[in-house]
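Worth saying up front: this structure is predicted, and the values here are computed from it rather than measured.
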Amino acid sequence: MNDSSMLLPSLQASFKSRSMGMKLIVVCGLALVMIIPALFVGGLVSDRTSRAADVIREISGHVGGQQTFLGPTVAIPYNIPPQSQSSYAKHGMYLVFPTQASADVRTTTEERRRSLFKVPVFQADLKLDATFDLTGVPAAAPQGAELDWSRAEIVVGVSDARGALADATLTADGKTVTLVPAEIAQDISIGEDQSQHTKLTLFGAKVEGIAKPNTQFNVTSALRFSGAQRIAMLAYGKTTHLSLQGDWPSPGFDGGFLPTSRSISNNGLKAEWSVPFIARGVRAEGPSDLINGLDATALGVSFIEVADPYQSVNRSLKYAALFLGLLFLSYFVFEVTTGKRVHPAQYVLVGMAQTIFYLLLLSLAERIGFDLGFLIAGAATVMLLSANAAWVFSSRMQGIRAVGIFSLLYVLIYMLLRLEDNALLVGAIASFVAVAAAMYFTRGIDWYSSLPVSAVANQQASSQVPKDMA
C-alpha cells in the first residue's frame with residue numbers, strides 16, 4: 001500500500017481529535033452567535049407590542065380612554081381694570097375648592113377584543129359630594145381683581161368627554177340641574193409639566209342665590225362615564241375622601257396617594273383614600289393656575305392584566321444568553337463524558353430550536369396566556385432537544401438524561417420570570433451551580449488532550465492498516 005493510503009487514516013484521526021479546550025471555546029462562540037436570532041425575535045415582540053398599543057388607542061378613542069375627574073368646584077370670573085391708559089384689562093377665573101369632599105365611585109369592567117388583542121374598558125358611576133364655605137372669599141385674589149359673582153358657576157371636570165354615557169347633573173338646595181359646557185372656560189389644564197399636562201373639559205351650572213359671598217352650602221354631582229385602562233379622581237377638596245368599588249380582580253393603584261385601606265379578591269376590589277389638607281399641597285382658593293398642583297394628587301386605579309404576554313416574553317428574552325449558555329454547556333458535558341463527537345453544525349441546530357421556542361412562546365401566549373403557552377412551548381422544545389440528544393449520542397439513556405436536565409433548565413427560566421424581585425439572586429445561584437456541576441463532571445479531563453475518537457472510528461482506522469505492518 002502506498003504512503004498516501006497509509007497517511008489518510010492518520011489525517012482523519014488527527015482532524016477528529018482536536019483539543020477539547022479549543023472545542024469548548026468554539027461552543028462558547030457559537031452560543032454568543034446564536035443570540036443574534038433571539039434579537040430578531042425581540043424585534044418581533046416590539047412590533048406586536050406596538051400593534052397592541054395601536055389597538056388600545058383605537059378602542060380607547062371610542063370609549064373615552066384613561067379618565068381623570070375633578071369634583072364640584074366654584075368658579076368665579078374676575079376682571080382687573082387697566083392700571084394706565086397704555087395697559088389693558090385682564091380677565092381670569094377664581095377657583096374655590098370645597099372644604100369637605102366625598103366621592104363614591106362604582107365601576108364595572110369588560111374586555112374589548114380586536115383580533116388577538118384585548119383592552120379592559122370600564123363604566124363608572126360617580127357620586128361627588130362637596131361642602132363649601134365661602135366665608136372670607138376671596139382671600140387670595142390678584143391685586144385689583146373684581147369678582148363677578150353673578151356669573152359664578154359650579155363646575156366639574158373630565159379628561160375625555162367622549163366617554164359620557166348620560167347627562168351629568170348637579171343637585172344643590174334641593175334642586176337638580178343638568179350640567180352644560182361651562183361658560184367661564186371650556187377647559188383647563190393641570191400639571192406642572194406642560195409636555196405631560198392633562199386637559200380637563202369643564203361642565204358647569206349657575207346656581208342662583210347659592211354661590212355668593214359668605215355662604216355655606218352642599219352640592220352633589222352625578223356622572224356616568226366610560227373609559228379604558230385607568231380611572232382617577234383629583235383630590236378636589238381641602239379634605240378629600242374617596243371610596244371606589246369595582247369588579248376588576250387585578251387593579252394597580254397609582255397617583256399621588258395610595259389607598260388607606262383596600263380589599264382585593266377574585267370578585268373585585270374595594271378601596272378608600274383619605275387626603276388631608278396639609279398633604280394635598282394646594283391652596284383652598286386662588287386663580288385658576290393653582291389647579292396645576294392638583295395633578296400630583298390624583299387617586300388612580302389602573303385595570304391591568306395580571307400577565308401581559310408581550311412583557312413576559314420580552315423578559316424571557318433577556319435571559320436568552322444564560323439559557324443558550326447552559327444549553328450548550330449541557331451538550332458539551334454530554335460530549336466529553338460519552339466520547340461521542342458533536343459537530344458545530346449540531347450545536348447550531350440546538351440553538352435554532354431554542355430560538356423557535358421563543359417564537360412558539362410568543363404565538364401561543366397571545367392566544368392562551370403566557371403560563372400555558374410556556375408549558376406547551378417548553379414541553380415541545382424539551383422533547384425535541386432530548387430526542388436530538390438520543391440521536392446524536394446514539395443512546396436512549398442520554399435522551400432520558402437530557403429530558404431531566406432540560407426540564408430543570410426550563411423550570412429554572414420560568415421561576416426567574418415569576419420571581420421578579422428575587423430573579424437576580426436565583427439566576428446567579430443557578431448559574432453558579434451549573435458551572436460547578438460542569439467543573440465536577442469534567443474534573444478528570446486533560447483539556448490539552450484531544451477529544452476521544454469513537455470506537456467505530458478507531459476500528460475503521462485499524463482495519464485500513466496493512467497486515468504486514470500489524
Judged by atom type as modelled, is there a donor-acceptor pair below 3.5 Å linking the side chain of [X] to the main-chain atoms of [Y]?
X	Y	answer
Thr201	Ala161	no
Ser226	Gly163	yes
Asn266	Pro249	no
Thr99	Thr131	yes
Ser263	Lys270	no

Please list, chain by chain and in numerical order, all residues satisfying side-chain contact (heavy atoms from CB on, under 4.5 Å) with [X], sequence neighbours excluded.
X	value
Val411	Met415
Ala232	Thr68, Arg230, Ala298
Ile210	Ala172, Asp173, Val207, Phe217

[X] and side chain to side chain contact (heavy atoms under 4.5 Å, CB included): which single residue from [options] fits?
X	options	value
Ile154	Thr73, Val74, Val96	Val74
Leu128	Thr220, Leu242, Leu223	Leu223
Val282	Leu234, Asn292, Ile291, Leu294	Leu294

Working to the nearest 0.5 Å, report the span between [atom1] of [X] and [atom2] of [Y].
X	Y	atom1	atom2	answer
Leu385	Ser407	CG	OG	10.0 Å
Gln123	Ile231	CD	CD1	11.5 Å
Phe253	Leu299	CZ	CG	11.5 Å
Lys199	Ser189	NZ	OG	5.5 Å
Glu272	Arg262	CD	CZ	13.5 Å
Phe406	Thr381	CZ	OG1	11.0 Å

Would you please classify the geometry between the Phe122 ring and the Phe303 ring as parallel, tilted or perpendicular, with 30° and 60° separating the classes?
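Rings of Phe303 and Phe122: tilted, 30 to 60°.
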Where is the tightest heavy-atom contact between [X] and [Y], given as atom of each residue plus distance?
X	Y	answer
Pro138	Glu285	CA-OE1, 3.4 Å
Ala75	Leu95	CB-CD2, 3.9 Å
Ala228	Val119	CB-CG1, 4.4 Å
Pro77	Ile184	CD-CD1, 3.5 Å
Ser221	Leu170	CB-CD1, 4.0 Å
Pro98	Tyr236	CD-O, 3.2 Å

According to salt bridge (Lys or Arg N to Asp or Glu O under 4.0 Å), does anything in residues 124-144 pair up with another residue at least two apart or in another chain? List the pairs.
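Residue pairs with at least one partner in residues 124-144: Asp125-Arg224.
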Using side-chain heavy atoms (C-beta onward) and a distance below 4.5 Å, is [X] in contact with [Y]?
X	Y	result
Leu364	Leu372	no
Thr240	Trp273	no
Leu290	Phe97	yes
Glu153	Glu183	yes
Leu244	Met233	no
Pro181	Gln186	no
Leu269	Val301	yes
Phe132	Thr215	no

Who pairs with [X] by salt bridge (charged side-chain N to carboxylate O under 4.0 Å, His left out), at least two apart in sequence or on another chain?
X	value
Asp104	Arg106
Glu110	Arg112
Lys212	none

I'd like a table of donor-acceptor pairs (distance under 3.5 Å, sequence neighbours excluded) in which one partner is a side-chain atom from residues 142-149, with atom names and distances.
from: Asp148; atom 1: OD1; to: Ser150; atom 2: N; distance (Å): 3.3
from: Asp148; atom 1: OD1; to: Ser150; atom 2: OG; distance (Å): 2.5

Quick one: ring-ring contact (aromatic ring centres under 6.0 Å, His included) partners of Phe203, sequence neighbours excluded?
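So Phe203 forms no ring-ring contact (aromatic ring centres under 6.0 Å, His included) with any residue.
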Contacts of Phe277 that satisfy ring-ring contact (aromatic ring centres under 6.0 Å, His included) - sequence neighbours left out:
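None.
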Partners meeting side chain to side chain donor-acceptor pair (under 3.5 Å) with Asn388 (sequence neighbours left out):
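So Asn388 forms a side chain to side chain donor-acceptor pair (under 3.5 Å) with Tyr331.
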Check the side chains of Asp247 and Thr109 for a donor-acceptor pair under 3.5 angstrom, ignoring hydrogens and angles.
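The criterion, which ignores hydrogens and geometry beyond distance, is satisfied for Asp247 and Thr109.
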Could you go through Val313 and Phe370, starting from their C-alpha distance and side-chain angles, then the distance that decides it, and tell me whether this counts as side-chain contact (heavy atoms from CB on, under 4.5 Å)?
CA-CA 8 Å; Val313 174; Phe370 179 79; 4.1 Å; yes
Sequence neighbours left out, what pairs pass side-chain hydrogen bond (donor to acceptor under 3.5 Å, both in side chains) with at least one residue falling in residues 156-169?
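Residue pairs with at least one partner in residues 156-169: Gln67-Ser159, Asp160-Arg162.
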For the CD atom on Gln245, are there more than 12 heavy atoms of other groups (residues, nucleotides or ligands in this structure) within a distance under 6.0 Å?
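Buried by this count: over 12 neighbours within 6.0 Å.
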